[in-house]
Amino acid sequence: MIHYTCDSCKRIIDPSDDVRYVVKMEVYATMDPAADGDSDDERDHLEEVQQILERLEDADDEALGEDVYQTMRYDLCPECRRKFLKNPLGREPMKQFDFSQN
Ligand SMILES: [Zn+2]
């Protein structure tokens, strides 16, 4: 039987007790058209990205690939899922309540 562990807190997610949540993230480079650029530039950028992505499909060039396009997948227990949804980017929590009433 396959055991899944939470990728955040490392505890085993027992499918009979817990729901396992899967987080999939997709991170990719975008080329925003320059504000003062003309449409030819914009199209060139898109073609450039397209070419990079096509190159990735037979990619030996993984280092480049990770710069341009990356997917990640995590298993989370219900507890970590809740934390993740509150703070998906792992930012420092707001400390405003801790610093009150000095
Ligand atoms: Zn967890």
Partner set under side-chain contact (heavy atoms from CB on, under 4.5 Å) for V23, not counting sequence neighbours
M25, Y74, L76, F84

Who passes side-chain contact (heavy atoms from CB on, under 4.5 Å) against L85, sequence neighbours left out?
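With sequence neighbours excluded, L85 shows a side-chain contact (heavy atoms from CB on, under 4.5 Å) to R81, given in chain and number order.
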
Side chains of E79 and R82: closer than 4.5 Å at any heavy-atom pair?
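With C-beta onward as the side chain, the pair touches.
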
How close do C9 and C6 get, heavy atom to heavy atom, and via which atoms?
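That closest heavy-atom pairing would be N-SG, 3.3 Å.
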
Could you name each residue pair satisfying salt bridge (Lys or Arg N to Asp or Glu O under 4.0 Å) that touches residues 16-30, not counting sequence neighbours?
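Counting only pairs at least two positions apart or across chains, the salt bridge (Lys or Arg N to Asp or Glu O under 4.0 Å) contacts touching residues 16-30 are R11-D18, R20-D75.
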
Name all residues meeting the salt bridge (charged side-chain N to carboxylate O under 4.0 Å, His left out) criterion together with D7; count only those two or more places apart in sequence or in a different chain, and write none if there are none.
none

